[in-house]
Asker: 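Would you mind keeping the following structure in view while I ask a few things?
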2 protein chains.
Amino acid sequence: MANIKEVASLAGVSVATVSRYFSAPEKVSKKNTDKVIKAIEQLNYKPNLLARNFTQSRSYSILVMAPLANPFLLDVIQGIQEIARIKGYTVLLVDPLEAPDDENKYYSMLETRLVEGIIDFKVQKRLNKKHGTRIDNIVTLCDYVENNPSPVVTVDDVKAAEKLVDYLVSLGHRHIGCLTGLDFIHATHHRKLGYQNALQKAGLPLSNKLMINGDFSVTSGLNAAKEYADMQPRPTAIFCMNDKMAIGIIQGLKAEGLRVPEDISVVGFDDIEFAKYCDPPLTTIRQPAKELGSSAMKLLCNLIEGKFDPETVLRPYFLPTDLIVRGSTCAVK
Amino acid sequence: MANIKEVASLAGVSVATVSRYFSAPEKVSKKNTDKVIKAIEQLNYKPNLLARNFTQSRSYSILVMAPLANPFLLDVIQGIQEIARIKGYTVLLVDPLEAPDDENKYYSMLETRLVEGIIDFKVQKRLNKKHGTRIDNIVTLCDYVENNPSPVVTVDDVKAAEKLVDYLVSLGHRHIGCLTGLDFIHATHHRKLGYQNALQKAGLPLSNKLMINGDFSVTSGLNAAKEYADMQPRPTAIFCMNDKMAIGIIQGLKAEGLRVPEDISVVGFDDIEFAKYCDPPLTTIRQPAKELGSSAMKLLCNLIEGKFDPETVLRPYFLPTDLIVRGSTCAVK
DNA sequence: TGTAAATTTGTAATCGATTACAAATTTACG
DNA sequence: CGTAAATTTGTAATCGATTACAAATTTACA
């Protein structure tokens, strides 16, 4: 395959001129531009971007670490892609849950220069060595912890969960179950806190019995349904920490011969596309998926370009959520 | 950031020895290995992979062009990822529908060396210049056309659709609607052919009236539902070319006051996760998503490594499908 | 111990671009 | 036309690794 030298010699110019034809065509005379174009055409020349990236010490790539099992993330990723495309970055995608052992390998792609930034869907376990002074071109998306080691874009999970459970309380529910998510995701703990806040405000007791540990999968919802169905007293409403589990729990409750929402109201979290189309349609919290993705990517671009305010960049950036009321909830009898 | 030269000089060895420590550690003596390790440690050295990739003229990356709107593809992508990880490739992901104009830019990433192969979810528009003689390290996944310009991994859409419509016929249905997919996807035409084959076998007339053009989205299912509800005579069964449209159509038919399956049976295609959880659960064709992805990636690896048989590589590689009968279909009254 | 074979090491060329700097050319204008 | 300024061009260094080849060292064994 032809290289820049061959193009230059065929065109009768120097390699610098050919290079400039790509990087600053306005600096090449008309005459030489024509010659270069002709030579490129003739040799079907394509610049070797591995070489270009090497000399510029830039990869024009970013890495997204996302658990693909959650369809909600698809929309988030589309938001990321949109900005990435505009800014000229390509997106590498890995699912950290598929190969947890490789996680550090992925982070080190920053140091080996393969990517210029990372969007991670959970708070990094290892903190920066010099926390607060050095920003690593990592953005945490949809997860957050106090003293987060990297900039964060997410929703206020505490407030959102609280809003959702407030709503259940307003419907008269007094026994409200809570199906949690994966323990190592901080959002799980924040949503739990919101759930507890709402109960407390309503003067309801906090009982661990009403809390079942899930893992964000439909299956864990199905399993939890049986437990809730047998529980004494049985909850009249269940808060699930994502829509997939809510869909699973609805399915499971129906199998137990219970009606949703007449016997048990169920709420989810995320507002995935299918929340509208399950039966009954799901009452849930809508996260602005695409905006989460595009905001995170914009922030990452600023980090990469060094355009950020060190004072504020570590303050979490919260996007608003909406309570979406559909058919899976009703007033308690 | 430290480079190999600094490591070499700190360790008191040549750069070649440091390089060999990574590429062929068994060729470095114990004494020097220790010195190199110490120097790497001390300088926190990470090899510049941009440089390595450049000298080796390899990117160790592949590109996946997938319309992310389809959740079925998530599983396919997981299958791709699994093999990619094992083989040491990283996966770049773009959604061609998001930026159709950039499509050629993506293909040219092969020529600019940014990726070593491409998995594309549709047959490429531009054929190879020298069709059949040169293989471009492109694998077409889930789409197929006679004289395909690149190797193909997919299912036999004709047979699968035929199997599905055979089943509807066996339930006694005589008026069977067909909601098609995007026209530029060849799978759409193959599934249409399967639908027509089944009707023909059953001695049923082929009527264009029963065919509505969809685009694989839930919305197009919703819209089609109204049309089918008003149709005279109204079909007693509808074959949708994917599950998303089937879910939309079920939703739409319910809104029109029709019962599924009692008034109209609905079948989909793909067997996405939510097919099980919609109401009623969807009768559909299961495509082996993960296997499609992993097979395509294995094939692509062989292309990249030159390990393929030019005689057979362009023959389509069909994976088996299953008819999954659930609650959205019943015998005609 | 001496010599050949095997192993380990280092020197230096190489990959294909970019780019600083100097040189050459063109343009502007009194 | 002559000179200065502006524009265009080319030379050659550079990025950080890999690797062919030769040289040095170690090992094996009579």
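Every chain is numbered from 1, with letters handed out A, B, ... down the list of sequences.
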Asker: What residue pairs, at least two apart or across chains, pass side-chain hydrogen bond (donor to acceptor under 3.5 Å, both in side chains) with a residue in residues 288-302 of chain A?
Answerer: none
Asker: Which part of the nucleic acid, if any, lies within reach of B/Asn53 when heavy atoms closer than 4.0 Å are counted: base, sugar-phosphate only, or nothing?
Answerer: nothing
Asker: Using both pair distances under 3.5 Å as the test, note the stems of at least 3 consecutive Watson-Crick or G-U pairs that include DNA chain D.
Answerer: C:1-30 with D:1-30
Asker: Do NZ/NE/NH1/NH2 and the carboxylate oxygens of B/Lys38 and B/Asp34 come within less than 4.0 Å?
Answerer: no
Asker: Donor-acceptor pair, distance only, cut-off 3.5 Å: does the side chain of A/Thr188 make one with the backbone of A/Phe184?
Answerer: no
Asker: Would you list the pairs meeting side-chain hydrogen bond (donor to acceptor under 3.5 Å, both in side chains) in which at least one residue belongs to residues 57-80 of chain B, sequence neighbours left out?
Answerer: B/Gln56-B/Tyr60, B/Ser57-B/Arg113, B/Arg58-B/Tyr89, B/Arg58-B/Glu116, B/Ser61-B/Thr90
Asker: Looking only at side-chain N and O atoms, does B/Asn32 offer a donor or acceptor that is under 3.5 Å from a partner on B/Tyr21?
Answerer: no
Asker: Quick one, which residues of residues 5-23 of chain B touch DNA chain D with a heavy atom under 4.0 Å?
Answerer: B/Ala16, B/Ser19
Asker: More 5' along DNA chain C: B/Asn32 or B/Phe54, using each one's nearest nucleotide?
Answerer: B/Asn32
Asker: State whether a side-chain donor-acceptor pair under 3.5 Å links A/Tyr107 with A/Asp120.
Answerer: yes
Asker: Between which nucleotides of DNA chain D, 5' to 3', does chain A make heavy-atom contacts below 4.0 Å?
Answerer: D/dT8 to D/dG16
Asker: Compare every heavy atom of A/Leu314 with every heavy atom of A/Pro151, then report the nearest pair and how far apart it is.
Answerer: N-CD2, 3.6 Å
Asker: Should the pair A/Tyr144 and A/Phe318 be assigned to parallel (<30°), tilted (30 to 60°) or perpendicular (>60°) ring geometry?
Answerer: perpendicular
Asker: Would you mind listing every side-chain hydrogen bond (donor to acceptor under 3.5 Å, both in side chains) that reaches into residues 303-314 of chain A, with sequence neighbours excluded?
Answerer: A/Glu305-A/Lys307
Asker: On DNA chain D, nearest-nucleotide positions of B/Lys31 versus A/Thr55: which is more 5'?
Answerer: A/Thr55
Asker: State the CD1-OG1 distance between B/Ile118 and B/Thr140, to the nearest 0.5 angstrom.
Answerer: 10.0 Å
